[in-house]
Amino acid sequence: MSQPDPYQPDPGIGRSERGVVLAYMATSGAVLLLMMVLGLIMRLDQGELLGMAPDWFYRVLTLHGTGMVGIAGLAGAGIMWYFLRQYVGLSLAVAWANLALFLAGVILIITGIALGGYAGAWTFLYPLPANPMGMWDTGGAASFLVGLLIIGVGFLLLHLDCARAIIARYGSLGRALGWPQLFGRNDGKAPDAAVVASTMVLIVNTLGLVSGAAIVVMSLINLYFPAFQVDPLLAKNLIYFFGHVFINATIYMAVIAVYHLLPRYTGRPWPSSNKAFLGAWTASTVMVIIVYPHHLLMDFVQPQWMLVMGQIISYTSGLPVLAVTAYGAIVNLHRAPIRWDLASALLVLSAFGWAAGIIPAMVDATIVVNQVMHNTLWVPGHFHFYLLLGTIAMALGFMAWMVRTYGGARESGLDQLSFWVYAVGGVGFVGMFLIGGREGTPRRFAEHLSGWIPYDRWASLFAALVIAATAVFVVRFFAGLRRAALTEA
Ligand code: HEM
Ligand SMILES: [Cu+2]
């Protein structure tokens, strides 16, 4: 059997389309490295290897959380746009507008944190922004919230543009999800996986972003007119609905790279037009929306049926898409003449990272466990697992493929070494969070008890490894960026 050639440029993508995607990925890569360094600083501080004023710890925590969630979204959007654009007429202007709004929002967020002192975390839990007990000023909180709002508006525009273009080509969102093939006779003409995934994401993220924008605006009014108050339980529901959906959507966008690129390395198509695949994506569309109460399991005032639903759906929500993805990856890889390079290695790692990271998440979504593990480092343990080793590995894999295919980047032993350093460092790093959680270390604490400090120190070492490897990937991407952007292909 002949070796497949995974480095074929996509004919539907011209130079200007490639340009905007590369700009998304370049921004994500640069911010990713910076935010990782902030993460290491927090770990060093908890491990008492670095002395940081506690108020700065919470500012760094806020910036790291917001920045990482933001770039996960941006990188996912870049991947989605690249593949979706090959099927529908997406607008270049909207894609650029989203990036411009993103950068404007970042500036406001950094201003709010660095100058205004805002340190209320990316979840801006109402009424915290307006009650800083002297830790930040109103302007700082407002700058942060307006920054979030602007970024949200950008993503909303992008998803609406996806909806417009998808409906223009397929007639309706149901058809784009492959419902005629799912519920009727499967004529094998279901839309491509990129279309199915993008449709799911636009549905859930539009709802999430609108809820997020609503509570951000209410919080902003409350900042300046304290007499205007919101029911805190409603506020928390809106915030966690938004936060949960947004972060989940990052994976559902980024996974398109696995569907499209892995088959090019194995020479086998990814089966995406069967009923299992389509059914999984439709089921996840509903479940991602209704599962968010697993963030409110400690809120005894929340209607009980919602908490029960949050637990039960947590067991099933991620599973359909995860199962078709993990199973699809295994089938695709099994005895295939796969060509290993940095991109294919990262994409395979990402399928593992996502699948493995879901397990500690489901454990925590069990009410009796959550009563103990909630607000321990177990929580950052599970989400760093599927974000660092899942979503971000997908993004880095896609970036490696882009500069190799369009920029002719060559691979060296350093890339291989960096891959293993990333994988081992990443597993070690999240492992220390999970062990810390099992030992009862609270999350979001600048100071740790002496018994927890050894794990903080090991985590710092592993984090440094991850950063070193990521630096290699990102520098390599920037080195090939110019050629990748300008080449004719
Ligand atoms: C080298 C890589 C990374 C390091 C060293 C790091 C470190 C940290 C640390 C120390 C915390 C605070 C944990 C605590 O509560 O005590 C944290 C929180 C967080 N990290 Fe990371 N992280 C890394 C990568 C990532 C990535 C790739 C993402 C997402 C794409 C991410 C998203 C978050 C989020 C959302 C929080 C929660 C912030 C909050 O509690 O408000 N991190 N990280
Ligand atoms: Cu959630």
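When a ligand or atom number is given, it counts from 1 through the structure's own listing order. Excluded from the calculations below are hydrogen atoms, water molecules and symmetry mates; all remaining heavy atoms, backbone and side chain alike, are included.
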Does the ring center of Phe429 lie less than 6.0 Å from the ring center of Phe433?
yes
Closest N/O/S atom of His295 to the Cu ion (ligand 2), by atom name?
NE2
Tell me, which protein residue and heavy-atom name are nearest atom 27 (C) of ligand 1, and how many Å apart are they?
Ile392 CG1, 3.7 Å
Do Arg43 and ligand 1 have an N or O pair less than 3.5 Å apart?
no
List every atom of ligand 1 that sits less than 4.0 Å from any heavy atom of Leu387, numbering the atoms from 1 in the order shown and giving each element.
29 (C), 30 (C)
Heavy-atom contacts under 4.0 Å between Leu377 and ligand 1: side chain, backbone, both, or neither?
side chain
Nearest heavy atom to atom 39 (C) of ligand 1, choosing from Met432, Met35, Met68, Arg444, belongs to Arg444
Would you say the side chains of Asp341 and Ser344 form a donor-acceptor pair under 3.5 Å?
yes
Tell me which N, O or S atom of His244 sits nearest to the Cu ion (ligand 2).
ND1
Can you spot which of Ile109, Leu101, Val69, Val146 makes a side chain to side chain contact (heavy atoms under 4.5 Å, CB included) with Ile151?
Ile109
I'd like to know whether Gln302 forms a side-chain hydrogen bond (donor to acceptor under 3.5 Å, both in side chains) with Asn237, so could you lay out the CA-CA distance, the side-chain angles of the two residues, the decisive distance to 0.1 Å, and finally the verdict.
CA-CA 9 Å; Gln302 180 82 354; Asn237 273 273; 2.9 Å; yes
How close do Ala393 and Leu389 get, heavy atom to heavy atom, and via which atoms?
CB-O, 3.5 Å
May I ask which of Met36, His64, Gln46 has a heavy atom nearer to atom 43 (N) of ligand 1 than the others do?
His64
Which heavy atom of the protein is the closest neighbour of atom 11 (C) of ligand 1, given with residue, atom name and distance?
Met42 CE, 3.6 Å
Out of the N/O/S atoms in His294, what is the name of the one closest to the Cu ion (ligand 2)?
NE2
Looking only at distances, can you tell me whether any N or O atom of Arg443, backbone or side chain, sits closer than 3.5 Å to an N or O atom of ligand 1?
yes
Quick check on contacts: which atoms of ligand 1 are under 4.0 angstrom from a heavy atom of Ala463?
5 (C)
Tell me if the aromatic rings of Tyr259 and Phe83 count as close, with their centers under 6.0 Å from one another.
no
Tell me the protein heavy atom at minimum distance from atom 12 (C) of ligand 1, and give that distance in Å.
Leu61 CD1, 3.5 Å
Can a cation-pi geometry be assigned to Arg59 and Trp56, taking NZ or CZ under 6.0 Å from the six-membered ring centre and within 45° of the ring axis?
yes
I'd like the name of whichever of Phe429, Phe462, Tyr58, Phe57 reaches closest to atom 3 (C) of ligand 1 through any heavy atom.
Phe429
Heavy atoms of other groups near Trp420 CH2, more than 12 under 6.0 Å:
no
Provide, to 0.1 Å, the distance between atom 34 (C) of ligand 1 and the closest protein heavy atom, together with that atom's residue and name.
Phe383 CE1, 3.3 Å
Thr391 heavy atom under 4.0 Å from ligand 1:
no
Counting each atom of ligand 1 from 1 as listed, which ones have a heavy atom of Ala121 under 4.0 Å away?
41 (O)
Using a strict 4.0 Å cut-off to heavy atoms of Val69, name the atoms of ligand 1 that fall inside it.
35 (C)
Taking only non-hydrogen atoms of Gly39 and a 4.0 Å limit, the atoms of ligand 1 in range are 4 (C), 5 (C), 6 (C), 7 (C), 10 (C)
Ranked by distance from atom 25 (C) of ligand 1, the top protein heavy atom is His384 CD2, 3.3 Å
Measure from the ring center of Tyr240 to the ring center of His295 and say whether it is less than 6.0 Å.
yes
Closer than 3.5 angstrom, by distance alone: can the side chain of Tyr252 be matched with the main-chain N or O of Thr285 as a donor-acceptor pair?
no
